[in-house]
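Remarks on the structure that follows.
These numbers were taken from a predicted model, which means no experiment stands behind them. Atoms within each ligand, like the ligands themselves, are counted from 1 in listed order.
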Amino acid sequence: MDEGRRHSVDIPIKKTIVALKRVRSLRDPTTNSMSKFITASDDANWEVKACVRETLDLGSFNSNQVHKSHKICLENFMLETQHNVGSGHASRIINNRNTTSKRSSVVKIKASRSKRSVFVRHSCRDCCKRPLEKVAAPPSTKPMPEEVDSCSGTNVEVAETILNAKPAKKKNEYVSWKKTSSMIEEIGMSRVGSPSFSLSEIQTNLSSRSTYGFTNNDEIDVVDSNCSGCGISNCWSRTPKDKDPTLSPDIEAQELPLLSTQGGVEDHKVTSLVSDNSKSLCQKYRPRSFGDLVGLKVVAKSLMHAISRGKIAPLYLFHGPRGTGKTSTARIFAATLNCLSVKEHRPCGFCRECVFLFSGQSRDVKELYAATINHKDRIKTLLKGASRDPLTSQFKVYIVEECHFLRGEILSAILNNVEILSRHVFVMITSDSDKLPQSLLSQCQRYHFPKIKDDDMICRLENICIQEGFVFERDALVFLSSKANGSLRDAENTLDQLALLGKKITLSLTHELMGVVSDEELLDLLYLALSADTSNTVRKARELMWSRIDPMQLVSQLAKLIMDILSGGCHPEFSLAAEKFLGKYAHCQALDSISKSPIQTNFICYGCSELNCSGNHCNRAKLEAIWRRAIRILQSGSLKGILEKEGNLSSLHIREGQALATIEFYNPDHVTKAEKSWKLIASSLQNVLGCHVDLRINLLSTCEKKNSKVRKLSLTLLNCSGRRQELSESNITDENERQYLSRKESIDEIYPTDYGHKFSPQIKQLHANTMHDSSCFHAELVTGNNIEEKAQSNRREIPAQFVQTARISMTESNSSKARDEIPYISIEESEVPPSCFSKVLKLQRRLLSCNASHIICLKLRPHSKSDFYIPKKSAEKAHFLTYDSYDMTPSSNTKSAALNEDRV
Ligand SMILES: Nc1ncnc2c1ncn2[C@@H]1O[C@H](COP(=O)(O)OP(=O)(O)OP(=O)(O)O)[C@@H](O)[C@H]1O
Ligand SMILES: [Zn+2]
């Protein structure tokens with residue numbers, strides 16, 4: 001359960017090897033601990049002195065079990081390994097669990113995809129014999145040679161390997177030594193020069209064991225060994241498994257915290273003590289309280305509530321991508337379940353249970369790999385052990401890693417027993433929940449661990465950098481996060497590797513380490529390629545490939561960049577590259593065509609069916625990114641300035657290749673300006689979105705600015721293809737808007753000149769007369785000379801109901817009743833997208849039922865003003881007509897409210 005026990009170091013092997021090749025020559029042994037990487041480096045020199053076993057610890061140690069001299073020893077080892085000094089002479093003996101089966105610590109080196117895990121077990125008999133009190137004692141001041149001597153000749157750690165390569169296929173989850181050795185070779189241990197690490201010896205030792213890792217102990221403890229714990233930070237040995245009577249009270253009395261309750265980077269300081277240098281960042285910053293978890297608020301909250309309300313399920317499933325905190329959360333959960341503190345913040349990190357758990361000494365919390373229990377006998381043993389009451393804790397917790405590897409019968413055994421067991425919790429962990437059978441999924445409480453968002457990751461990395469005293473370029477961290485694919489562990493590991501190069505984390509260094517080309521270079525290449533400069537393109541591409549990058553990587557980066565540019569509107573996280581691209585190469589035709597190519601997907605309002613979207617369910621960041629890009633394309637500086645500072649794209653709906661964009665201002669002057677240039681704005685948005693854009697320009701009152709949730713009462717239907725001036729009670733009350741309205745008395749200001757000609761003088765007059773009349777509705781759904789006629793001719797395309805309703809209104813409007821008392825609706829069916837018919841109907845019905853004083857129908861034929869039909873009497877009361885728009889704006893307060901409540 002402890003750090004070392006599960007995996008002291010999680011290193012993606014390939015990445016590390018590549019990184020180390022680069023890093024090794026540059027590292028500074030006084031500042032950088034390479035110990036954990038040496039394990040994975042293919043040319044590390046393993047000919048070391050006897051004390052190496054202590055220094056080889058890959059960072060697994062108990063944070064309060066530190067020993068300065070061993071740190072020195074470690075540093076010395078670093079030097080020695082580099083200079084190939086000395087030869088190991090400590091004998092290596094495979095830990096035999098059948099002896100005084102005690103703790104050892106395990107280093108797991110993960111080959112992330114292959115699911116192989118390498119466990120390197122270390123134990124140190126001499127060191128381990130030291131009583132624990134020594135552990136907590138001040139760091140030894142003994143000179144290093146004494147330490148070396150004290151360690152020499154002892155039996156030392158040997159590598160043990162479990163390769164769970166394909167356990168699902170293999171019945172025997174323990175892979176043959178052949179595989180083991182090849183794995184060791186793979187991680188660089190083939191270079192072991194000293195007898196202590198000779199493969200043959202390990203082989204002999206390992207092969208002398210019939211099985212690996214398991215004996216018939218009544219409870220399975222994969223990592224037990226015969227080491228009783230030396231208390232040295234760099235030693236992987238552990239204190240005895242049996243409860244050390246001196247430990248718990250002492251620790252409690254000393255109040256030596258292993259972890260914080262508040263979370264945050266600061267707290268880790270406490271835990272790191274002297275041995276920080278040899279810990280990987282992942283270990284050092286492993287979360288130890290719910291507050292430490294990044295990007296897992298919901299999960300943390302839910303688990304905390306479960307505990308505080310005593311609703312503990314017997315079976316949990318934590319699933320999600322790698323490196324997102326599943327194991328850490330499981331440990332925190334287990335710690336909280338058993339924490340003895342009565343205070344609010346749990347796990348406290350101080351109490352006996354917390355200390356035991358986080359130091360890997362808890363006897364009641366066990367972390368198991370599916371492969372290790374994938375055998376009938378073993379699961380039997382495990383369940384037998386589980387059936388006993390917890391030894392010291394409140395709950396026995398079994399954390400089963402990679403549970404998708406569990407065989408059907410094993411899983412059934414667990415599921416059959418899990419309900420019977422009391423005070424036992426199984427936490428199943430998997431990164432591949434698709435492989436899990438339904439039986440498991442339906443029995444457990446599932447928690448999904450999403451990929452960590454880049455922003456969260458950047459924030460975390462920044463904190464770490466500050467805490468570690470790194471000088472960093474934020475762009476480097478942004479880049480790191482973007483490459484981590486949601487895995488915080490990956491990001492931390494890469495940062496760790498970068499830190500080996502020095503305390504300056506720069507973008508260029510990051511690029512180099514990760515073997516990628518910078519955006520700048522990539523854009524240059526893309527520019528060349530798209531501007532048909534073949535020879536230079538080839539030259540540039542060669543240059544890049546010869547310098548450092550793999551051709552496939554280059555192609556993949558290029559493809560991604562192009563995708564980013566194409567999707568820049570919908571994925572603002574990618575827009576950095578796209579922005580550069582557009583800003584720098586706006587003149588390039590080919591690039592223009594890429595960036596302007598239509599985006600077919602409805603990416604703004606996912607499944608949003610609300611037409612008058614307030615923007616709440618649209619992603620604000622995305623809208624902002626689109627808005628920024630649209631502004632940038634504009635030519636006019638003054639318009640740009642106004643839109644940038646005063647304007648806001650509040651919503652965007654894309655349906656069937658048509659977009660409806662709403663932009664908002666708080667000042668009528670800005671609205672006027674925007675209206676005058678609406679064509680420009682619409683076309684720049686069109687460029688960004690790649691589809692036809694209908695624009696709405698809204699004036700918001702200042703009180704709306706204060707409370708952006710308060711929206712005007714308005715209702716918009718379907719895709720507008722024009723603008724709308726919104727007049728509602730909210731803006732009427734505002735002084736600015738009053739001014740705005742009064743200015744609008746001149747009808748020519750209402751519509752820009754392009755459209756002015758489309759309106760007859762009567763219509764214009766009508767607008768002017770009714771502009772401030774808030775007693776009537778305005779509806780404008782429509783165009784067409786003869787709705788009935790059109791309905792007939794298009795009957796097949798228009799749902800019967802729609803036609804019928806249209807007829808009704810037509811009929812009603814033509815009835816003997818005065819037209820000014822009857823809502824009149826006519827419909828230009830050809831312009832109504834079929835998907836919107838039902839909405840037209842709903843609106844229509846609502847209007848009919850709410851006794852609107854007047855509904856004016858404006859038949860619009862954009863190029864023929866004679867087409868306008870306005871019932872004369874209605875016209876007197878008519879309020880406001882937009883054009884060419886399926887749009888209605890209720891302006892009476894009460895009616896507006898009624899309508900709004902019932903929004904389609
Ligand atoms: N949500 C997170 N909050 C804080 N740290 C995290 C988080 N996720 C990952 N880390 C960092 O990554 C390291 C590994 O996390 P952990 O082992 O919990 O991930 P995991 O999801 O269990 O991964 P895997 O599935 O590969 O076992 C932690 O030590 C921590 O430094
Ligand atoms: Zn506690």
Which of the atoms of ligand 1 are close to [X], meaning less than 4.0 Å from one of its heavy atoms?
X    : answer
S328 : 15 (O), 16 (P), 18 (O), 28 (C)
Y285 : 31 (O)
L296 : 1 (N)
I452 : 1 (N)
L293 : 3 (N)

Out of [options], who gets a non-hydrogen atom closest to [atom]?
atom                    : options                : result
atom 14 (C) of ligand 1 : R489, E492, E402, H319 : R489
atom 29 (O) of ligand 1 : G320, C282, A484       : C282
atom 22 (O) of ligand 1 : V299, L281, T327, D432 : T327

Any side-chain donor-acceptor pair under 3.5 Å between E353 and T392?
-> yes

Judged by modelled atom types alone, do S341 and R346 share a side-chain donor-acceptor pair under 3.5 Å?
-> no

Would you call [X] a ligand 1 contact, heavy-atom distance under 4.0 Å?
X    : value
Q283 : no
F449 : no
P287 : yes

Do [X] and [Y] make a side-chain contact, defined as non-hydrogen atoms from C-beta onward lying under 4.5 Å apart?
X    : Y    : result
Y285 : E468 : yes
V418 : Q443 : yes
L315 : L317 : no

Protein N, O or S within less than 2.8 Å of the Zn ion (ligand 2), waters excluded = C339 SG, C348 SG, C351 SG, C354 SG

Short N/O distance, under 3.5 Å, between [X] and ligand 1?
X    : result
G323 : yes
V294 : yes
S431 : no

Heavy atom under 4.0 Å from ligand 1: found in I429's side chain, backbone, both, or neither?
-> neither

Relative to each other, are the rings of Y398 and H424 parallel, tilted or perpendicular (30° and 60° limits)?
-> parallel

